[in-house]
Colleague: 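Would you mind keeping the following structure in view while I ask a few things?
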Amino acid sequence: MGELIFELVLPTIGRFIVFLLVELLFQIIFYFTGYPIVKMLTLGAYPKVMGESEGSDNVTSIIGLMVWLALIVVFIA
């Protein structure tokens with residue numbers, strides 16, 4: 001019974017926690033960081049409405065990730 005917990009249950013819980021953290025980072029922190037930047041760069045054209053289209057959501061999250069990486073590089077250097 002103990003082996004079942006260590007082999008099946010704990011890795012599943014770990015994957016779920018990692019999934020939540022990645023979703024939290026990309027869909028909340030990076031998206032809301034990238035949203036105003038994409039709005040400014042496209043003069044308000046994109047993204048139309050928050051969370052409406054999958055393609056622009058991913059691009060917006062990636063822009064937010066790049067902003068955070070740039071801030072880290074600036075403050076470390």
Side-chain angles (χ1 to χ4, degrees):
M1 182 67 171
E3 292 176 13
L4 176 67
I5 291 173
F6 286 114
E7 291 179 2
L8 294 176
V9 176
L10 291 179
T12 304
I13 292 172
R15 277 189 229 116
F16 181 71
I17 291 171
V18 168
F19 173 76
L20 285 178
L21 289 175
V22 168
E23 284 294 314
L24 177 75
L25 279 174
F26 271 95
Q27 298 301 326
I28 296 176
I29 296 171
F30 294 153
Y31 181 80
F32 286 110
T33 302
Y35 184 83
I37 294 167
V38 172
K39 274 290 204 193
M40 286 188 300
L41 291 175
T42 62
L43 301 175
Y46 295 105
K48 299 275 187 208
V49 176
M50 284 188 182
E52 187 172 283
S53 67
E54 285 296 318
S56 66
D57 288 350
N58 293 336
V59 171
T60 305
S61 295
I62 291 170
I63 298 292
L65 171 65
M66 291 187 331
V67 168
W68 280 100
L69 289 175
L71 285 173
I72 290 170
V73 167
V74 166
F75 283 112
I76 288 178

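Being a predicted model, the structure only gives us computed values, none of them experimental.
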Colleague: Give the cluster check for Val18 versus Leu65: same hydrophobic cluster or not, with ILVMFWY residues linked at side-chain heavy-atom distances below 4.5 Å.
Modeller: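 Linked, Val18 and Leu65 end up in one cluster.
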
Colleague: Other hydrophobic cluster members with Leu20, side-chain heavy atoms of Ile/Leu/Val/Met/Phe/Trp/Tyr under 4.5 Å, chained?
Modeller: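 Once heavy-atom contacts under 4.5 Å are chained together, Leu20 belongs with Phe16.
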
Colleague: side-chain contact (heavy atoms from CB on, under 4.5 Å) with Ile63: which residues, sequence neighbours excluded?
Modeller: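 Testing Ile63 for side-chain contact (heavy atoms from CB on, under 4.5 Å), a comparison that skips the adjacent residues, returns Ile37, Val38, Val59, Met66.
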
Colleague: Applying the 4.5 Å side-chain criterion to the ILVMFWY set and letting contacts propagate, would Phe30 and Val22 be lumped into a single cluster?
Modeller: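 Same cluster: Phe30 reaches Val22 through Ile, Leu, Val, Met, Phe, Trp or Tyr contacts under 4.5 Å.
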
Colleague: Flag yes if Ile29 and Leu69 sit in one hydrophobic cluster, no otherwise; membership is Ile, Leu, Val, Met, Phe, Trp, Tyr, and two members link when side-chain heavy atoms are under 4.5 Å apart.
Modeller: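 As far as the 4.5 Å side-chain criterion goes, Leu69 and Ile29 are connected within one cluster.
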
Colleague: Please name the pair of heavy atoms, one in Trp68 and one in Thr33, separated by the smallest distance, quoted to 0.1 Å.
Modeller: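 Smallest heavy-atom distance, with atoms named: NE1-OG1, 2.8 Å.
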
Colleague: Report the distance from atom CD1 of Ile76 to atom CG of Leu71, rounding to the nearest 0.5 Å.
Modeller: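 Here the rounded value is 11.0 Å.
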
Colleague: With a 4.5 Å cut-off on side-chain heavy-atom distances among I, L, V, M, F, W and Y, is there a chain of contacts connecting Leu43 to Tyr35?
Modeller: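 Hydrophobic grouping puts Leu43 apart from Tyr35.
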
